[in-house]
Amino acid sequence: MGKLKGKIALITGGASGIGLASAKAFVAEGAQVVITGRDQAAIDVALAEIGERAMGVRGDVSNLADLDRLYSEIGKRLGHLDIVFANAGALTLAPFEDITEVQFNREFDINAKGVFFTVQKALPLLKDGGSVILTSSIAHFKGTPGYNVYAATKAAVRSFARSWTVDLKHRNIRVNCLSPGPTITPLAGKMGIPAEQAESYGKYILEQIPMGRFGNAEETAKAALFLASDDSSFITGVDLCVDGGMGQI
Ligand code: NAD
């Protein structure tokens with residue numbers, strides 16, 4: 001036990017789903033975690049679940065002033081970071097023909113720009129030898145109906161991991177991508193699937209997963225813990241898929 005003993009980790013989107021499960025897993029292994037999200041009430045509920053070694057800072061990852069405030073708070077209260085898990089993300093399914101500029105910009109702002117500046121602005125606080133984990137998605141290398149803007153944002157995230165692996169090698173900072181497949185989290189309820197189509201949509205996805213089931217957030221959190229800890233000490237630049245095989249066939 002204690003794989004992250006003494007480490008300080010930032011997890012964006014840490015108040016729900018994969019981020020929340022990861023915050024719990026990191027704390028269970030000895031880390032102090034900082035979670036962020038846009039909703040203070042949700043952060044408070046999550047902090048109560050995570051327990052003592054957790055702190056919350058409200059903020060929108062696509063807003064650079066919010067990121068500056070986040071890092072100023074972390075600097076004042078904790079002094080540095082060892083792990084940055086840029087995990088916040090959003091998805092609205094829509095046919096190609098229906099995608100508006102507003103949706104396009106929103107998804108790129110949160111999923112691509114948000115990840116970019118979350119990590120860039122963390123660099124002064126991030127210790128040499130640290131670990132950066134970026135949540136992409138198996139959507140980044142697939143063509144899935146309705147996912148096209150989202151998939152492109154996640155391809156950008158996968159690309160950042162490759163670039164930053166070399167950009168940050170002089171500081172011995174490892175950068176890895178985590179690509180979940182279909183995972184049961186609150187995200188499903190925010191994708192814009194009409195209630196009457198939810199069941200058939202679920203079946204359609206399920207048929208494409210070799211393991212025949214959806215993943216859960218705790219399974220993805222285990223992979224995040226692996227990438228955060230010294231268990232992955234010779235691993236950088238990878239795209240670790242936690243997808244029941246869906247992206248591998
Ligand atoms: P989730 O909705 O529970 O978590 C996403 C979190 O990001 C939420 O807490 C949300 O409030 C936060 N967030 C969204 N926009 C934000 C913003 N602008 N600023 C700050 N926080 C913001 O869903 P999840 O499934 O846990 O998603 C986590 C990550 O995993 C996302 O990047 C998502 O794209 C990715 N992902 C999820 C699945 C899946 O099937 N659940 C599959 C592949 C990839």
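When a ligand or atom number is given, it counts from 1 through the structure's own listing order. Since this is a predicted model, take the numbers as computed values, not measurements.
Ionic pairing of Asp66 and Arg69 is present here: one or more N-O contacts between side-chain nitrogen and carboxylate oxygen are shorter than 4.0 angstrom.
Inclusion of Thr185 in the set of residues having an N or O under 3.5 Å from an N or O of ligand 1 is warranted. Inclusion of Ile18 in the set of residues having an N or O under 3.5 Å from an N or O of ligand 1 is warranted. Of the polar atoms of Thr183, at least one N or O is found under 3.5 Å from an N or O of ligand 1, judged by distance alone. Residue Val61 places at least one N or O, backbone or side chain, under 3.5 Å from an N or O of ligand 1.
Under a 4.0 Å criterion applied to the non-hydrogen atoms of Ala88, ligand 1 contributes the atoms 7 (O), 13 (N), 21 (N), 22 (C), 32 (O). Interface of Gly89 with ligand 1, defined as ligand atoms under 4.0 Å from a residue heavy atom, comprises 5 (C), 7 (O), 14 (C), 31 (C), 32 (O). Here is the list of ligand 1 atoms found below 4.0 Å of a heavy atom in Ser136: 35 (C), 44 (C). Under a 4.0 Å criterion applied to the non-hydrogen atoms of Asp60, ligand 1 contributes the atoms 17 (C), 18 (N), 19 (N). Close contacts of ligand 1 with Pro182, meaning ligand atoms under 4.0 Å from a residue heavy atom, involve 40 (O). Residue-ligand proximity, Gly17 to ligand 1, at heavy-atom distances under 4.0 Å covers atoms 3 (O), 26 (O). Against a heavy-atom cut-off of under 4.0 Å, Gly59 is close to the following atoms of ligand 1: 19 (N), 20 (C).
Using cut-offs of 30° and 60° for the angle between ring planes, the Tyr147 and Tyr150 rings count as perpendicular.
When all heavy atoms of Lys3 and Glu29 are compared, the closest pair comes out as N-OE1, 2.9 Å.
Across Leu240, Thr135, Leu178, a single residue satisfies side-chain contact (heavy atoms from CB on, under 4.5 Å) together with Thr220, and that is Leu178.
Counted within 6.0 Å of CD on Gln248, heavy atoms from surrounding residues, nucleotides or ligands total more than 12; the atom is thus considered enclosed. Lys127 NZ: 12 or fewer foreign heavy atoms inside a 6.0 Å radius. Other residues, nucleotides and ligands contribute only 12 or fewer heavy atoms inside 6.0 Å of the NZ atom of Lys7.
In terms of protein heavy atoms, atom 14 (C) of ligand 1 is closest to Arg38 NH2, 3.3 Å. Nearest protein heavy-atom neighbour of atom 9 (O) of ligand 1: Ser16 OG, 2.9 Å. Summary of contacts: the protein heavy atom closest to atom 37 (C) of ligand 1 is Leu187 CD2, 3.7 Å. At the shortest separation from atom 2 (O) of ligand 1 among protein heavy atoms lies Lys190 NZ, 2.5 Å. Closest to atom 34 (O) of ligand 1, if we only count protein heavy atoms, is Tyr150 OH, 2.6 Å. Looking at atom 29 (C) of ligand 1, its nearest protein heavy atom turns out to be Asn87 O, 3.2 Å. Here the protein heavy atom with the shortest distance to atom 43 (C) of ligand 1 is Pro180 O, 3.2 Å. Closest to atom 42 (C) of ligand 1, if we only count protein heavy atoms, is Gly181 O, 3.3 Å.
Residue-level proximity to ligand 1 for Leu20 is absent, since no heavy atom of it falls below 4.0 angstrom.
To the nearest 0.5 Å, atoms CD1 (Ile50) and CG (Leu20) are separated by 5.5 Å. A distance of 13.5 Å separates CG of Asp231 from NZ of Lys222, quoted to the nearest 0.5 Å. Remark: Met211 CE to Asp243 CG distance equals 9.5 Å, nearest 0.5 Å. Between the CD1 atom in Ile83 and the CD1 atom in Ile173 there is a gap of 12.0 Å [rounded to 0.5 Å]. A distance of 6.5 Å separates CZ of Arg174 from OG of Ser233, quoted to the nearest 0.5 Å.
Residue-ligand proximity: Leu91 is placed with every non-hydrogen atom at 4.0 Å or more from ligand 1. Ligand 1 is never approached by Ala42 to a heavy-atom distance shorter than 4.0 Å. Using a 4.0 angstrom heavy-atom cutoff, Pro186 counts as in contact with ligand 1. Note on ligand 1: Thr135 sits in its first shell, one or more heavy atoms being nearer than 4.0 Å. Heavy atoms of Phe214 stay at 4.0 angstrom or farther from ligand 1. Residue contact annotation: Thr36 has no non-hydrogen atom under 4.0 Å from ligand 1. Contact between Gly14 and ligand 1 is absent, with no heavy atom of the residue lying under 4.0 Å from the ligand.
Taken together through direct or relayed side-chain contacts under 4.5 Å among Ile, Leu, Val, Met, Phe, Trp and Tyr, Leu227 and Leu225 form part of one hydrophobic cluster.
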Could you walk me through whether Glu207 and Lys203 pass salt bridge (charged side-chain N to carboxylate O under 4.0 Å, His left out), step by step? CA-CA 6 Å; Glu207 280 165 7; Lys203 277 190 189 150; over 6 Å; no

May I have the step-by-step check of side-chain contact (heavy atoms from CB on, under 4.5 Å) for Ser136 and Leu134, ending in yes or no? CA-CA 6 Å; Ser136 179; Leu134 313 178; over 6 Å; no

I'd like to know whether Val175 forms a side-chain contact (heavy atoms from CB on, under 4.5 Å) with Phe160, so could you lay out the CA-CA distance, the side-chain angles of the two residues, the decisive distance to 0.1 Å, and finally the verdict. CA-CA 9 Å; Val175 185; Phe160 293 154; over 6 Å; no

